[in-house]
K.L.:
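A single structure is presented below for examination.
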Amino acid sequence: MGYPVILQVRGRRAVVVGGGKVAARKIRGLLAAGADVVMIAPKAEPELQALAAAGMIGWRVKTFAPHDLDGAFLVIAATNDREVNEAVAQAAAPGQLLNVVDAPERCDFHVPAVIRRGPLTIAVSTEGASPAVARRIRRELEEQYGDEYGPYLEFLQRARAIVLREVTDAEGRKRLFRALAADSFRQNGRWDEELAGLLAKEKERGEERRGENDEDPDVHC
């Protein structure tokens with residue numbers, strides 16, 4: 001069983017060997033994560049040609065050679081030729097993260113089926129056993145976690161900073177975070193208004209506790 005992580009590849013070199021539809025899927029995901037993508041392929045899908053022409057990826061119009069992996073943080077062998085993919089696997093240096101699309105046993109990592117809703121990322125992996133099953137589960141989750149989760153999570157990012165700044169009591173913060181995470185809060189839709197009300201109530205609680213402590217002569221003993 002693998003160890004699931006979210007890998008930060010922004011600004012890092014990712015070499016994709018291959019220019020077909022599978023390579024295109026891998027490259028789209030890498031670009032979305034901000035990677036510096038270099039494609040090695042003698043020919044490529046029109047989509048990938050357009051990305052190269054726009055300067056969004058580098059394209060070395062050639063067959064694979066081991067030196068093509070120089071400086072790569074991440075390597076994906078995505079051709080339809082097993083011999084080429086194996087040559088990529090053998091050329092990968094220690095410390096370079098390797099994915100071979102037709103050989104799960106050669107991979108350092110597997111690329112999961114992914115759902116993105118703003119800050120929310122849900123990844124589904126079968127460890128290479130069945131990408132089709134992973135895609136089916138992803139479709140089911142896409143229905144359960146709709147587009148509204150994007151703005152909701154973006155609101156929660158802002159709200160968390162406000163709560164941490166304005167509420168000093170640890171228990172009070174926990175109450176607020178639980179309330180903000182509730183389905184009933186998300187479905188309400190009036191998030192800023194509701195947050196303001198919850199903050200006001202929490203501040204009232206804090207003032208009441210301070211008042212009780214001031215009245216109790218033993219509280220400082």
Side-chain angles (χ1 to χ4, degrees), residues 1-10 12 14-37 39 41 44-52 54 56-57 73-82 85 88-89 97-160 177-178 180-191:
M1 182 177 294
Y3 183 66
V5 298
I6 301 295
L7 190 65
Q8 299 298 333
V9 297
R10 181 168 298 279
R12 292 186 162 185
V15 173
V16 178
V17 182
K21 295 185 184 302
V22 174
R25 285 202 307 272
K26 306 299 185 185
I27 288 172
R28 284 196 296 269
L30 289 166
L31 287 177
D36 171 22
V37 179
M39 176 177 66
E45 290 287 309
E47 172 192 357
L48 297 175
Q49 293 181 35
L51 290 173
M56 297 182 67
I57 65 173
F73 170 69
L74 182 149
V75 175
I76 298 180
T79 78
N80 58 4
D81 187 323
R82 281 181 173 259
N85 288 347
V88 175
L97 298 177
L98 172 69
N99 177 267
V100 183
V101 297
D102 60 357
E105 72 281 358
R106 299 287 271 148
C107 296
D108 294 318
F109 69 96
H110 301 287
V111 180
V114 173
I115 303 162
R116 295 191 188 277
R117 300 286 188 260
L120 175 65
T121 299
I122 302 173
V124 180
S125 174
T126 60
E127 301 251 344
S130 177
V133 169
R135 288 194 293 271
R136 176 178 60 77
I137 295 171
R138 181 195 64 194
R139 288 195 295 271
E140 294 170 0
L141 289 170
E142 282 176 335
E143 295 179 4
Q144 183 175 353
Y145 297 94
D147 291 337
E148 74 277 8
Y149 271 86
Y152 171 56
L153 266 294
E154 289 167 358
F155 163 79
L156 288 183
Q157 281 184 323
R158 299 192 306 272
R160 181 176 181 82
F177 291 145
R178 283 195 297 267
L180 296 175
D183 272 346
S184 57
F185 181 93
R186 176 180 58 82
Q187 293 165 358
N188 182 286
R190 300 190 303 274
W191 301 329

K.L.:
Kindly assign one of parallel, tilted or perpendicular to the pair Phe185 and Phe155, based on the angle between their ring planes and the thresholds 30° and 60°.
P.N.:
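Geometry flag for Phe155 against Phe185: parallel rings.
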
K.L.:
More than 12 non-hydrogen atoms from neighbouring residues, nucleotides or ligands closer than 6.0 Å to CZ on Arg158, yes or no?
P.N.:
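Counting other residues, nucleotides and ligands, CZ of Arg158 exceeds 12 neighbours.
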
K.L.:
State the CH2-CG distance between Trp191 and Leu156, to the nearest 0.5 angstrom.
P.N.:
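It comes to 8.0 Å.
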
K.L.:
Any salt bridge between Arg136 and Glu140, counting N to O under 4.0 Å?
P.N.:
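Glu140 and Arg136: salt-bridged.
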
K.L.:
Work out which heavy atom in Ala14 is nearest to a heavy atom in Ala35; give both atom names and the distance.
P.N.:
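The pair with the smallest heavy-atom distance is CB-CB, 4.2 Å.
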
K.L.:
Using a strict 4.0 Å threshold on nitrogen-to-oxygen distance, state whether Arg12 and Asp36 make a salt bridge.
P.N.:
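No salt bridge links Arg12 with Asp36.
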
K.L.:
Do Ile76 and Phe109 have side chains that approach each other closer than 4.5 Å (heavy atoms only, starting at C-beta)?
P.N.:
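When only atoms from C-beta onward are counted, Phe109 and Ile76 do touch, with a gap below 4.5 Å.
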
K.L.:
Sequence neighbours left out, what passes salt bridge (charged side-chain N to carboxylate O under 4.0 Å, His left out) with Arg190? Give chain and number order.
P.N.:
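Salt bridge (charged side-chain N to carboxylate O under 4.0 Å, His left out) list for Arg190, sorted by chain: Glu193, Glu194.
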
K.L.:
Begin from the C-alpha positions of Arg117 and Glu154 and carry the test side-chain contact (heavy atoms from CB on, under 4.5 Å) through to its verdict.
P.N.:
CA-CA 10 Å; Arg117 300 286 188 260; Glu154 289 167 358; over 6 Å; no

K.L.:
Please assess Leu51 against Leu31 for the test side-chain contact (heavy atoms from CB on, under 4.5 Å), listing each intermediate value before the final yes or no.
P.N.:
CA-CA 10 Å; Leu51 290 173; Leu31 287 177; 3.9 Å; yes

K.L.:
Report the residue from Val9, Leu74, Leu30 that forms a side chain to side chain contact (heavy atoms under 4.5 Å, CB included) with Val37.
P.N.:
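Checked Val9, Leu74, Leu30 against Val37; only one passes side chain to side chain contact (heavy atoms under 4.5 Å, CB included): Leu30.
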
K.L.:
Looking only at heavy atoms, what is the nearest atom pair of Pro104 and His110, with distance?
P.N.:
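Distance-wise, the nearest heavy atoms are O-CE1, 3.5 Å.
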
K.L.:
Report yes if the side chains of Thr126 and Ile137 come closer than 4.5 Å at any heavy-atom pair, otherwise no.
P.N.:
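No; the side chains remain at least 4.5 Å from each other.
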
K.L.:
Which heavy atom in Gly18 sits nearest to a heavy atom in Met39, and how many Å separate them?
P.N.:
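Answer, listing the atom of Gly18 first, then Met39: O-CG, 3.4 Å.
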
K.L.:
Between Ile57 and Leu48, what is the shortest heavy-atom contact and its length?
P.N.:
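Looks like CD1-O, 3.8 Å.
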
K.L.:
With a 4.5 Å cut-off on side-chain heavy atoms, are Asn99 and Cys107 touching?
P.N.:
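In short, these two side chains touch, coming nearer than 4.5 Å.
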
K.L.:
Can you tell me how far CZ of Arg135 sits from OG of Ser130, rounded to the nearest 0.5 angstrom?
P.N.:
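Atom-to-atom, Ser130:OG and Arg135:CZ are 8.0 Å apart.
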
K.L.:
So, do Thr79 and Val88 sit near enough that their side-chain heavy atoms are less than 4.5 Å apart?
P.N.:
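No - every pair of side-chain heavy atoms lies 4.5 Å or more apart.
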
K.L.:
Return the OH to CD1 distance between Tyr145 and Ile122, rounded to the nearest 0.5 Å.
P.N.:
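These two atoms lie 5.5 Å from each other.
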
K.L.:
Drop me the distance from Arg160's CZ to Leu153's CG, to the nearest 0.5 angstrom.
P.N.:
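CG of Leu153 is found 12.5 Å from CZ of Arg160.
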
K.L.:
For residues Glu47 and Ala24, report the shortest heavy-atom separation together with the two atoms involved.
P.N.:
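Nearest pair, atom of Glu47 first, then Ala24: OE1-CB, 3.8 Å.
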
K.L.:
Could you state the interatomic distance from CG (Asp102) to CG (Asn80), rounded to the nearest 0.5 Å?
P.N.:
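It is 9.0 Å, given to the nearest 0.5 Å.
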
K.L.:
Search all heavy atoms of Gln144 against all heavy atoms of Tyr149 and return the closest pair with its distance.
P.N.:
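That closest heavy-atom pairing would be O-CE1, 4.3 Å.
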
